[in-house]
Amino acid sequence: MSSPLITTFEAAAPRYDSSGAQFAGPVAEQLVALAAPRPGDQVLDVGCGAGAVAVRCARAISPDGQVTGLDLSEGMLRRTAAEAAARGFGNVRTRLGDAAEPPFAPASFDTVLASLVLYLLPDTEPALRHWRELLKPGGTLGFSWGIGPDPRWSPVFAAVDAFAKHAGFESYVRRVGSPDELAAQLAALGYTAVEVTTRTIDVRYTGPRQWWQASWAEAPRLAWQHIPDADRDTARRAAFALLDRMREPDGTLVRRVRMAFAIAERPAAESPVTARPATSDGASR
Ligand SMILES: C[S@@+](CC[C@H](N)C(=O)[O-])C[C@H]1O[C@@H](n2cnc3c(N)ncnc32)[C@H](O)[C@@H]1O
């Protein structure tokens with residue numbers, strides 16, 4: 001399968017998460033810390049991209065565990081394999097497949113993780129349902145998603161979107177829902193021990209040019225590629241003019257992104273389902 005969305009990630013794969021600005025890494029760090037995979041675990045990293053989650057799990061599950069990175073972009077799978085090899089991890093393998101319907105037998109994994117992926121799927125519910133089936137009883141699901149873009153940056157994205165042929169970035173992704181909505185959805189799907197934590201991640205760019213490099217090589221490329229080639233430089237200059245006025249005293253740019261992290265379990269034995277309300281800023285329950 002090669003949807004326009006996957007074609008975009010395929011094009012972005014060689015430079016994905018390599019601008020130097022840190023976003024996927026800190027998000028993955030937080031997700032893996034919350035999910036806490038253990039030595040010997042079988043972990044599935046759904047929509048593995050360049051392996052931000054996979055490489056952070058690989059050490060925790062050593063020596064006998066294994067991480068499987070799943071993606072529909074072959075370029076991303078090569079990135080995950082290369083990042084794991086560069087760190088000397090021999091326990092990361094990759095597999096081509098759809099996040100919404102991963103090609104594995106039921107109860108194959110102790111942990112299923114998906115960082116920055118759910119908002120790209122056509123429908124969250126079938127994916128969450130499938131991921132539950134892939135977990136062994138008592139296994140852990142963890143995923144991250146954005147819940148609040150930095151309002152100071154709205155004029156920048158509006159300036160870029162004004163050049164898009166059809167519609168801007170928001171039209172290429174789906175709204176995943178609030179922490180409370182996701183907690184309720186997970187409980188309704190039979191997950192237990194549902195916990196949703198929120199955090200603000202500060203993404204710091206050396207300046208407008210590094211922001212552009214990150215933007216072009218990551219999910220916002222979905223919007224950039226809908227700007228005609230002839231207009232792309234003008235759109236970038238419009239963004240740069242705004243960004244120049246937003247620099248911190250040291251010349252850097254900071255984007256404060258609100259993120260949510262859901263952790264849930266497939267019950268060890270089928271039992272009544274409970275959902276707890278979401279908490280903020282680290283008050284994980
Ligand atoms: C925003 S990136 C996140 C990558 C990585 N999880 C991270 O945190 O850096 C989304 C990834 O999901 C993949 N992806 C999107 N839709 C997918 C699908 N239906 N099945 C498998 N992978 C998918 C993309 O190819 C891309 O690698």
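Everything quoted here is computed from the prediction, not taken from an experiment. Just follow the structure's listing: the first ligand is 1, and inside any ligand the first atom is 1.
Ligand-side atoms of ligand 1 in range of Ala24: 9 (O), range being under 4.0 angstrom from any heavy atom. If you number the atoms of ligand 1 from 1 as listed, the ones under 4.0 Å from a heavy atom of Ser73 come out as 25 (O). Those atoms of ligand 1 with a heavy atom of Leu5 less than 4.0 angstrom away are 15 (C), 16 (N). Under a 4.0 Å criterion applied to the non-hydrogen atoms of Tyr119, ligand 1 contributes the atoms 1 (C). Of all atoms in ligand 1, numbered sequentially from 1 with element shown, those under 4.0 Å from a heavy atom of Ala99 are 18 (C), 19 (N), 20 (N), 21 (C). Within the listing of ligand 1, atoms 18 (C), 19 (N), 20 (N), 21 (C), 22 (N) sit less than 4.0 angstrom from a heavy atom of Leu72.
Of the options Ala52, Gly47, Ala100, the smallest heavy-atom separation from atom 5 (C) of ligand 1 is shown by Gly47. Of the candidates Ile6, Leu222, Leu70, the one placing a heavy atom closest to atom 14 (N) of ligand 1 is Ile6.
Judged by distance alone, with hydrogens and angles left aside, the side-chain atoms of Ser215 form no donor-acceptor pair with the main-chain N or O of Trp212 at under 3.5 Å. Using modelled atom types, one side-chain atom of Thr7 and one backbone atom of Ser3 make a donor-acceptor pair closer than 3.5 Å. Thr80 places no side-chain N or O within donor-acceptor distance of the main-chain N or O of Leu77, the cut-off being under 3.5 Å.
No heavy atom of Val53 sits closer than 4.0 Å to any atom of ligand 1. Judged by the shortest distance from any of its heavy atoms, Gly97 lies inside the 4.0 Å radius around the atoms of ligand 1. Residue contacts with ligand 1 leave out Asp17, since none of its heavy atoms falls under 4.0 Å from the ligand. Ligand 1 has Cys48 within reach: a non-hydrogen atom of the residue lies less than 4.0 Å from it. The closest approach between Phe143 and ligand 1 stays at or above 4.0 Å for every heavy atom of the residue.
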Report, one line per pair, each donor and acceptor closer than 3.5 Å where one atom sits in a side chain of residues 40-59; sequence neighbours left out.
| residue | atom | partner | partner atom | Å |
| --- | --- | --- | --- | --- |
| Asp41 | OD2 | Arg38 | N | 2.9 |
| Asp45 | OD2 | Ala54 | N | 3.2 |
| Arg56 | NE | Glu29 | OE1 | 3.0 |
| Arg56 | NH1 | Ala52 | O | 2.9 |

What donor-acceptor contacts under 3.5 angstrom involve side-chain atoms of residues 137-147, with partners at least two apart or in another chain?
| residue | atom | partner | partner atom | Å |
| --- | --- | --- | --- | --- |
| Ser144 | OG | Ser115 | OG | 2.8 |
| Ser144 | OG | Leu116 | N | 3.1 |
| Trp145 | NE1 | Gly177 | O | 2.8 |

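Taking a cutoff of 4.0 Å between a charged side-chain nitrogen and a carboxylate oxygen, Asp150 and Arg255 do not qualify as a salt bridge. Between Glu83 and Arg87, at least one side-chain N (NZ, or NE/NH1/NH2) sits under 4.0 Å from a carboxylate O, which counts as a salt bridge.
The aromatic rings of Trp211 and Trp153 lie tilted to each other, with the angle between the two planes from 30° to 60°.
Of all the heavy atoms of Val27, none lies under 4.0 Å from any atom of ligand 1, so neither backbone nor side chain is involved. Proximity of Asp71 to ligand 1, defined as any heavy-atom pair under 4.0 Å, is shared by backbone and side chain alike.
Between Tyr16 and ligand 1, at least one N/O pair is under 3.5 Å apart. Between Asp98 and ligand 1, an N or O atom pair is found at a separation short of 3.5 Å. Taking distance alone, with nitrogen or oxygen atoms compared against 3.5 Å, Ser115 approaches ligand 1 more closely than that limit.
There is no side-chain donor-acceptor pair under 3.5 Å between Arg95 and Thr68.
Heavy-atom minimum distance, Ala105 versus Leu134: O-CD2, 3.7 Å.
Counting only heavy atoms from C-beta outward, the side chains of Pro149 and Arg258 never approach each other to under 4.5 Å.
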